[in-house]
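Remarks on the structure that follows.
When a residue number appears, it is its place in the shown sequence, counting from 1. Atom set for the values below is all heavy atoms of this structure, side chains included, hydrogens, waters and symmetry mates excluded.
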Amino acid sequence: MADNESLIIMPSNGESGSPQTLCLPPEVIGNLISILPEYMMPCVWWKLRSVCQSWKAEVERAFRTKYLTDTIIVFHQFTPVPVGEATDATHLTFEFDRLSASEDGDAIRAFFRARLDDPMKFEVLVNAASQRTPTAYQTFDSIHHQVTMAGIATSDPALEGFELDSDRAEVSVLWKPMISQLMGDELRLRRRASELAEAKLARATHEQAGGPYRIHKPRTLNPNFSLWMIQRHRSFIDEIAKVRESRIRKHYEECGAQFESIEAHDGHASSPYHKSEKIWWVRIRFRSPAQYVEL
């Protein structure tokens, strides 16, 4: 290398950042992103992606090439039942298949192909899709969808730009808004879990065994174990429901629509709990780090 100027330059192409911000070559940015642990991807998406255009392009490239390929969309047709009873649902899973590019070359639409182990399941989805026009804040009335990026995040982000191709048995969505909501929900859940763990540990030792997040051996407790345990306790389903409601309420407001209640959005009084419970069941199988380090 002739000098450092060939590696690090000042922004000169209209990128965001202060005059003191150093701009790294794309290949260096890509290498930095590749060595970060997967659990940090929500922070990578929401923080590093906003540094400048070069970081934004490399973060999105990493998600396109590595993380979207490990993403699925599962549709559940719920039969409403009271809280506490098992739900009867038809499941249909769609696996990532490909991306399509816009006229300017930007990959904006992701396509997911159905696992057709039972063709009747796809017919159920087609019938539900034909009964209403999806909006930016609500896709279906009677069908719940859940997006999971393996080992990183799971939630039910709005499927903006949703389209269904019955001939090819596939669905497509605008992938960036979907990922933004998915990563945002995961960050909020982690922060809430950290707050609960800190509040629990701040209490007197003889009080730590009480409350919804019971700690059975306070004398042997450490912060890392507390964080792990809280997210796996069934009481955390309520925190998931709160995060869902906050995000959905905000999305209604952004779309200029009236938000009545999370129950009205989900279609039944018991649906918010059952939907949050499904998210919880997937999330507890993730490999959690000892602590969440944000960038």
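Listed here is the closest heavy atom pair of V173 and F162: CG1-CD1, 4.1 Å. Annotation for E170 and D97: closest pair OE1-OD2, 4.5 Å, computed over non-hydrogen atoms. Closest approach of W175 to R64, counting heavy atoms only: CZ2-CG, 3.4 Å. Scanning both residues, I152 and P42, for their nearest heavy atoms gives CG2-CD, 3.9 Å. Closest of all the heavy-atom pairs between I284 and W281 is CG1-O, 3.3 Å. When all heavy atoms of C43 and L187 are compared, the closest pair comes out as SG-CD2, 3.7 Å.
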Go through the steps to decide whether F63 and W45 satisfy the test ring pair (Phe, Tyr, Trp, His ring centres under 6.0 Å), and finish with yes or no.
CA-CA 9 Å; F63 272 78; W45 180 266; 4.9 Å; yes
Check step by step if side chain to side chain donor-acceptor pair (under 3.5 Å) holds for S172 and R109.
CA-CA 6 Å; S172 64; R109 183 168 288 276; 2.9 Å; yes
For a salt bridge (Lys or Arg N to Asp or Glu O under 4.0 Å) check, start with the C-alpha distance between E95 and R113, then their side-chain angles and the critical distance, and finish with the verdict.
CA-CA 5 Å; E95 298 175 330; R113 186 69 60 88; over 6 Å; no
Would E58 and R49 count as a salt bridge (Lys or Arg N to Asp or Glu O under 4.0 Å) if you check the C-alpha gap in whole Å, the side-chain angles of each, and the deciding distance to 0.1 Å?
CA-CA 8 Å; E58 288 305 307; R49 185 166 164 264; over 6 Å; no
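For the pair R234 and E277, the salt-bridge criterion is met [side-chain N within less than 4.0 Å of a carboxylate O]. A salt bridge is absent between E160 and K176; no separation between the charged side-chain nitrogens and carboxylate oxygens falls under 4.0 Å. Ion pairing between K250 and E253 fails under the 4.0 Å rule for side-chain N and carboxylate O.
At least one side-chain heavy atom of F236 sits less than 4.5 Å from a side-chain heavy atom of L196. Annotation: side chain of D156 is in contact with side chain of I279 (closest heavy-atom distance under 4.5 Å).
Under the 3.5 Å distance criterion, with hydrogens and angles disregarded, a donor-acceptor pair is assigned to the side chains of H91 and H76. Defined by atom type and a distance below 3.5 Å, a donor-acceptor pair is present between the side-chain atoms of Q146 and T154.
Aromatic ring centres of Y252 and H265: separated by under 6.0 Å. In this structure, the ring of F75 has its center less than 6.0 angstrom from the ring center of F94.
Between the side chain of Q181 and the backbone N or O of A158, at least one donor-acceptor pair lies under 3.5 Å. Without hydrogens or angle criteria, S194 side chain to R190 main chain gives a donor-acceptor distance under 3.5 Å. Distance alone, capped at 3.5 Å, places no donor-acceptor pair between the E186 side chain and the L182 backbone. The backbone N or O of V44 sits nowhere less than 3.5 Å from a side-chain atom of W55 that would complete a donor-acceptor pair.
Of the candidates R191, R244, R247, D185 forms a salt bridge (charged side-chain N to carboxylate O under 4.0 Å, His left out) with just one, namely R247. Screening K275, H144, E245 for a side-chain contact (heavy atoms from CB on, under 4.5 Å) with D266, the sole residue that qualifies is K275.
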Under 3.5 Å, which donor-acceptor pairs do the side chains of residues 25-38 form with other protein atoms, sequence neighbours left out?
unit_1 : atom_1 : unit_2 : atom_2 : d
N31    : ND2    : E27    : O      : 3.2
S34    : OG     : N31    : O      : 2.7

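Among residues two or more places apart in sequence or in another chain, the side-chain hydrogen bond (donor to acceptor under 3.5 Å, both in side chains) test is passed with S276 by none.
The cationic atom of R249 (NZ for Lys, CZ for Arg) does not lie both less than 6.0 Å from the six-membered ring centre of F259 and within 45° of the ring axis.
Residue V74 belongs to a hydrophobic cluster whose other members are I72, with links defined by side-chain heavy atoms closer than 4.5 Å.
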